[in-house]
Amino acid sequence: MAKLYFRYGAMNSGKSTSLLQAAHNYEERGQHVLLAKPQLDRKGDRDIVSRLGVRRPADFTVGPDDDIALAFERNRERVRQATGADVACLMVDEAQFLTESQVDDLLRIAIRESVPVLAYGIRTDFQTVAFPGSRRLLEISHTLEELKTICRCGRKAVFNARRIGDTYVFDGNQVAIDSFEDVTYESLCGQCYLRESDGALGRGRGGAPAFSYVSGPDADFT
């Protein structure tokens with residue numbers, strides 16, 4: 001039986017790089033893969049982009065109301081028609097932006113279609129609150145794998161802090177896309193995160209709904 005894998009980590013832990021390397025490994029052995037990403041991730045337009053500068057177009061993108069299983073089947077059939085071979089793996093970047101029902105469909109693809117699914121993403125937002133897609137992946141994935149990165153202090157980073165300019169902020173929309181503000185993110189260990197947040201965790205939980213965002217000219221997210 002094929003499995004659903006969730007490979008997660010803080011920002012800058014090499015998730016997209018790992019995905020692109022895994023795709024290369026399959027294709028180096030003559031196998032075919034499908035790459036997908038949520039439309040909410042506007043970094044690189046339709047491309048999956050590694051921070052190392054490597055990029056590759058996704059085979060399809062997924063909107064919040066899209067049927068990911070149907071999109072998979074359409075693209076799977078395209079591969080079959082073009083190559084005469086089946087798809088060996090489905091890989092999804094920025095999987096935290098999927099809906100819970102779309103994550104459920106990833107599990108169905110793995111089990112019912114016997115196609116391994118590798119989902120890559122971050123667990124929590126800048127307020128340490130789980131994204132709905134990540135929470136569901138943690139609940140139902142067959143295999144969980146943490147991709148590690150380091151904090152500025154040298155410890156393992158586990159949280160994603162948001163900054164506007166040089167100031168850390170702990171309130172606001174869960175996702176800031178196309179923001180007018182100078183929004184950046186930094187991966188921090190628990191100790192450094194608590195130092196910057198004055199000991200607060202999950203501040204603003206009752207405020208912004210999941211996947212709300214502000215718009216403007218410059219793309220950024222999380």
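Count residues from 1 along the sequence.
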Cationic N near anionic O, under 4.0 Å, D104 to R136: yes
F131/R123 under side-chain contact (heavy atoms from CB on, under 4.5 Å): CA gap, chis, key distance, verdict: CA-CA 6 Å; F131 287 93; R123 291 184 305 166; over 6 Å; no
D66 (side chain) donor-acceptor with I68 (main chain) under 3.5 angstrom: no
Donor-acceptor under 3.5 Å (S18 side chain, G14 main chain): no
Single-linkage hydrophobic cluster, 4.5 Å side-chain cutoff, F6 and M1 together: yes
Heavy-atom pair of closest approach, residues E100 and R135: OE2-NH2, 3.1 Å
E73 with R78: basic N within carboxylate O range, under 4.0 Å: no
Test item: L144 and L138 side chains (from C-beta on) under 4.5 Å apart, heavy atoms: yes
Nearest non-hydrogen partners of V169 and F126, listed with the distance: O-CD1, 3.5 Å
S141 side chain to L137 backbone, donor-acceptor under 3.5 Å: yes
Heavy-atom side-chain proximity of Q174 to P132 below 4.5 angstrom: yes
T149 vs N12, side-chain hydrogen bond (donor to acceptor under 3.5 Å, both in side chains): CA-CA, chis, key distance, verdict: CA-CA 7 Å; T149 189; N12 299 313; over 6 Å; no
Aromatic ring pairing F170/Y168, orientation class (parallel under 30°, perpendicular over 60°, tilted between): parallel
Verdict with reasoning, N75 to V87, per side-chain contact (heavy atoms from CB on, under 4.5 Å): CA-CA 9 Å; N75 283 274; V87 169; over 6 Å; no
Ring geometry between Y193 and F159 (parallel below 30°, tilted from 30 to 60°, perpendicular above 60°): tilted
Gap separating the OG atom of S16 from the CD1 atom of I48, nearest 0.5 angstrom: 7.0 Å
N/O donor-acceptor pair under 3.5 Å between S187 side chain and C151 backbone: no
Residues E94 and Q96: side-chain donor-acceptor under 3.5 angstrom: yes
Gap separating the CG atom of D125 from the CZ atom of R162, nearest 0.5 angstrom: 7.5 Å
Ignoring hydrogens and angles, write down the donor-acceptor pairs under 3.5 Å from the side chains of residues 107-122, residues two or more places apart or on other chains.
residue : atom : partner : partner atom : Å
R108    : NH1  : D105    : OD1          : 2.8
E113    : OE1  : R76     : NH1          : 2.9
Y120    : OH   : R7      : NH1          : 2.9

Side chains of M91 and Y26 in contact at under 4.5 Å (non-hydrogen atoms): yes
Donor-acceptor contact below 3.5 Å, side chain N160 vs main chain M11: yes
Distance (rounded to the nearest 0.5 Å) between K15 NZ and S13 OG: 3.5 Å
L35/V33 under side-chain contact (heavy atoms from CB on, under 4.5 Å): CA gap, chis, key distance, verdict: CA-CA 7 Å; L35 274 56; V33 299; 3.6 Å; yes
side-chain contact (heavy atoms from CB on, under 4.5 Å) between T17 and V54, intermediate numbers included: CA-CA 8 Å; T17 301; V54 181; over 6 Å; no
Note, R163 side chain near V183 side chain (heavy atom, < 4.5 Å): no
Criterion side-chain hydrogen bond (donor to acceptor under 3.5 Å, both in side chains) on Q81 and E77, from CA distance to verdict: CA-CA 6 Å; Q81 292 290 336; E77 183 59 28; 2.7 Å; yes
Carboxylate-amine/guanidinium contact D47 R55, below 4.0 Å: yes
Check ion pair R152-E196 (N to O, under 4.0 angstrom): yes
Within-4.5 Å side-chain heavy-atom neighbours: L90 and L106: yes
Residue pair K156 / E146, side-chain heavy-atom distance below 4.5 Å: yes
From CZ (F60) to NZ (K37), nearest 0.5 Å: 13.0 Å
L20 to S50 - nearest heavy-atom pair and separation: CD1-CB, 4.1 Å
Cluster link L188 to I150, ILVMFWY, side chain under 4.5 Å: no
From T61 atom OG1 to Q39 atom CD, the distance as rounded to the nearest 0.5 Å: 4.0 Å
